[in-house]
Engineer: 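Sharing a structure, written as structure tokens. Questions coming.
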Amino acid sequence: MTGEGKGEHQRLPLPLREGAGGRGCSESAAAVGASQSTDPSPQPPPSRGGGADGAPPGTTATAAQPPPSRGGGADGAPPGTTATAAQPPPSRGGGADALPPLVTIAGLRHCFGAAVALDGITATIRPGEITGLVGPDAAGKTTLLRLIAGLLRPTAGTITVLGHDMTTDAAAAHPSIGYMPQRFGLYEDLTVAENLDLFADLHTLPQDLRTTRIERLLRFTGLTPFAARLAGNLSGGMKQKLGLACALLSRPRLLLLDEPSVGVDPVSRRELWAIVAAMLAEASGQNETMAVVWATAYLDEAARCARVLLLHQGKLLSDSPPDDFLAPLKGRVFRLGLAPGVARRAIARQVSRNPAVLDTQVSGDALRLVLRDGAAPPDAASLGGTTLAPLPPRFEDGFIARLAGDAPPAAPEIVITPPRTGGGPPIVVQDLVRRFGHFTAVDHVSFTVQRGEIFGLLGPNGAGKSTTFRMLCGLLKPSSGMARVAGQDLLTAPAAARSRIGYMAQRFSLYAELSVRENLRFFARVYGLSRADQGRAIDAALDQFELREAAATTARDLPLGLKQRLALAAALLHGPEILFLDEPTSGVDPLMRRDFWARIGSLADAGVTILVTSHFMDEAENCDRLGIVNQGRLAAIGTPAELRARVRSAALPDPTLEDAFIALVAQASEPGVQAA
Amino acid sequence: MTGSAMRMRGLLKKEVKHVLRDPSSILIAILMPIVLLLVNGFGISLDAYHMPVAVVVSAPEEATRGMLQAMAASPYLSVQRAASVHDAEAALTAGTVRGILVVREDVTERLRRSASWPARVGLSVNATDPNTARILEGYVTSALTIWLGDAARELRRTPGGGIDLEYRDWFNPELHSADFIVPGVIAMVMTMAGTLLTAGGVSREWEHGTMESMLASPARMIELVLAKLITNFGLGIGSMALSVVLAVFLFGVPYRGGFFVLALAASLFLVFALGLGLFISTVSRNQFVSSQLAFLTTMMPAMMLSGMLFDISAMPHWLRIVTYFVPARYLVSILQTMFLAGDVWSVILPNLAGLAAAAALALAATMAVTRRRLD
């Protein structure tokens, strides 16, 4: 309703041509076939027995993991062979030998004009398991999925799906493929039942089969009571479930899901996963081969997949089960306990400069460290903490280790003039309400943010975060209640009051046609900086945000991480005391995210008050305090550690913020009210 | 039911539901034609009634009374007495009158004596708009001629043999410009409505992401295109019927042709317009850009080059060639013929052929450009 997150991840590049002649493409065409395993880590030992990954809940683990063959079929056929490798044989005994892959990708390369979207991908998709396709925005996940679905023709390389070469014979494979694109792809004018009926018509399901399947899918997705509701009136999670149901109608043998759970509330996310896993289990039970490719930017989902293809900037960084991916990190991840009351961020900065440490992350009231390969764990006290305890590695650690390589990420130092002190708390919100017709987007939200604090509003899309933001910034008039920034109501405040805040909108709101420098100059002028100040501020911004080399690039052509930095720089040009950041890190890769939070941290330490919204629960660990929002209501406020402690129990000894979210939201809603 | 038929049924059901639940198609098909017809039909008028003329009479009153009465009796003229030529010229410059008639004092004298004919009467006209100027000249001349004939009879003189022009105005005897313009407006409305319906529709699917799901499903491209064409065709025919009804009952334009040919011409033209819209939305997947393109490619050519307002034969040669590529031209010709003249096959058949060619071309272009893939 508020458009939060809608279209945020929709980065459909308008394809230009097949790019057959692009210089960038043809140059590397010769390198096709030689560039596959960019995986720098050592090959995991081949005899990984089945179930080594502990059969994560919900996935049907294949009984035996086949040795990681680079791009070949399970029977070791060289890449590029089409029909023989991919013929699904009659059910092999016991399933001990893995069934041949449903999809074989060899040397795939795809360009949009001169831009290289995928560079030398070789992989297979095996049946009976959920293959994760993981990577940040613009990594190439959507492009790869569309190529597999036959919606794009590859610039170079081959894709074989169920024995059909997608370059020439795509139509034959189409009936067996179910594709759920990133954007909802549903007809919002039709009801749930009508949408399902339409897809049933398109898949030419006979009537009797149709009724049973639709009824079953509605039951599975919990949408039976909503069958007559217009698809446009469903919540985000329900829309995704409906999309999944439509994709599953035809019982596809290959299910391609493009970020099905992005921005959706955590409960629905888990439900979506459960639905897919159940379908897979059922298919295996009936001896049908079915494979699922689940593209995601959520690294916790990646950890649950049977196998993960990690993409970064079009390259395949890794193709292995999550455990194998994490094997090189064994013994390198530690938790550094901190004494209560210390400045966590300052210590984090200091620690990150330690040569043995690869990555530092604030995690509640402790620090999570990833050491360099081969480094000995340093002494806790020397790092400034109290205790040092080993931790099991997470998927994100693996990602960072791959990306960071050997060069230590430079810890940025932002130097700003400390803002004025004095006066009450910079942000005060009391009983804020906003209605759109019958729909209450923000329902009696109250919180206060202290000076120099990073406050996070955490919640799924449609929870009311952006609406609250807009009311705080004076862009939207509240239906009732009060929102004060720096003691003033920005809806009516004079320009002087507005010049004390900085705002970074969702999707960055930069001028795509202007260059970096021109954008900065524009914002400097708009905020009323004098001539001399403008020059100084822009220079400082270019240096501190490392934008000098890109100063003349058009904003549209910047990679996502640089766009984010530019947007932040523009919001800070006039030295605001209060910073509003609306979903600033959605879709950005972990390295860039670290960089961003480090900068924000130094700003907060210098006294700037920061209000952030996010739907990535675990990123919120970086905040000083959090407000958990769901369906317009504030379910809980507290520090990340407090919130997690509130839901700690015997069943959940070490809850993540996502667990906390689910539990706190359940506690906050009245008993007996069914969450839609 | 065969696969293709089932898919078509599903797609058609979806399109019909869309139309019923989404107001924009109804607006384009029903409201827009009404508004355009009203505005253009009443607003564009090439008629000239009650054109103010200042008359300066120096001759004695009784002599010229008859002349002035004759002029005042004309519905096209509105006579005002001016005291002097100077005043009259001031009025002409200020724009309060469109012409000045100067009658000299010796006009009756000269009329009485045929030897001193002709009697001179001066007419000055504001020719900023040459068309209106010519019309005014014509009105004045005819009013004077009528009076002259009467005056001559009174004086028992015949003005001499001369030419007696018998006027007969075919097809539009009352010279209502609306009867001429409204059929042209109908053609313009049809182009715009037809193109906008499909251009907006497909772009919207791209923007909402549903086009991707459709492409990923077993639906074939031709089925998608056909479903859109059929539904919007129905809307377009309804729109056309509404426009014709408005023209006949609101504007009073007579309709003298048959209905089968009208339906055929409308169908062919609609296929062209819808195909053009589909083409536009394939080229640009953005609703806003599609609508802009639709307006540009339909309204401007339809208004300027279709013969609706401005006579094609008056255009320079190269521009006349260009009008052959504006299918609205064929429809305008057919409509004008059928409304005012009836079924004139020698005019209708070549134009129908032109429309058929345009329709085929638009469809072929759309099929060629719309591919199943996203690239």
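Chain letters run A, B, ... following the sequence lines, proteins first and then strands; every chain starts at 1.
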Engineer: Applying ring pair (Phe, Tyr, Trp, His ring centres under 6.0 Å), can you list everything that pairs with B/Phe259, at least two apart in sequence or on another chain?
Structural biologist: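 So B/Phe259 forms a ring pair (Phe, Tyr, Trp, His ring centres under 6.0 Å) with B/Tyr255.
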Engineer: Drop me the distance from A/Glu194's CD to B/Arg21's CZ, to the nearest 0.5 angstrom.
Structural biologist: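 The distance works out to 4.0 Å.
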Engineer: When you look at CZ of B/Phe325, are more than 12 heavy atoms from neighbouring residues, nucleotides or ligands closer to it than 6.0 Å?
Structural biologist: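 Counting other residues, nucleotides and ligands, CZ of B/Phe325 stays at 12 neighbours or fewer.
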Engineer: With a 4.5 angstrom heavy-atom cut-off, could you sort out which part of A/Ser176 is near chain B: side chain, backbone, both or neither?
Structural biologist: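 Answer is neither: A/Ser176 stays 4.5 Å or more from chain B.
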Engineer: Please list, in residue-number order, every residue in residues 244-252 of chain A that has a heavy atom less than 4.5 Å from any heavy atom of chain B; write 'none' if there are none.
Structural biologist: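 Hits under 4.5 Å: none found.
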Engineer: Could you check whether B/Lys17 pairs with A/Asp189 (Lys NZ or Arg NE/NH1/NH2 to Asp/Glu carboxylate O, under 4.0 Å)?
Structural biologist: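 Here B/Lys17 does not pair with A/Asp189 in a salt bridge, since their nearest N and O are not under 4.0 Å apart.
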Engineer: What I'd like to find out is whether the side chain of A/Leu198 reaches to under 4.5 Å of the side chain of B/Lys13, using heavy atoms alone.
Structural biologist: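 The answer is no; the side chains never approach within 4.5 Å.
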Engineer: Using non-hydrogen atoms and a 4.5 Å limit, figure out which bit of B/Glu205 sits close to chain A: side chain, backbone, both or neither.
Structural biologist: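 The side chain, not the backbone.
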Engineer: Relative to chain B, which segment of A/Leu256 carries a heavy atom at a distance below 4.5 Å: side chain, backbone, both, or neither?
Structural biologist: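 When you check distances to chain B, no heavy atom of A/Leu256 falls under 4.5 Å.
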Engineer: Would you mind checking which part of B/Leu11 comes under 4.5 Å of any heavy atom in chain A, side chain (CB onward), backbone (N, CA, C, O), both or neither?
Structural biologist: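 Looking at B/Leu11, backbone and side chain both touch chain A.
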Engineer: Nearest 0.5 Å, what's the NZ-CG distance between B/Lys14 and A/Asn195?
Structural biologist: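 CG of A/Asn195 is found 10.0 Å from NZ of B/Lys14.
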Engineer: Shortest non-hydrogen contact from A/Asp201 to B/Arg7?
Structural biologist: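 Heavy atoms of A/Asp201 and B/Arg7 come nearest at O-CG, 3.5 Å.
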Engineer: Could you look at A/Asp197 and say if it's the side chain, the backbone, both or neither that has a heavy atom under 4.5 Å from chain B?
Structural biologist: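 For A/Asp197, side-chain heavy atoms alone lie under 4.5 Å from chain B.
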Engineer: Does the side chain of B/Met214 reach to within under 4.5 Å of the side chain of A/Leu202, using non-hydrogen atoms?
Structural biologist: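 The answer is yes, as the side chains (C-beta and beyond) meet within the 4.5 Å cut-off.
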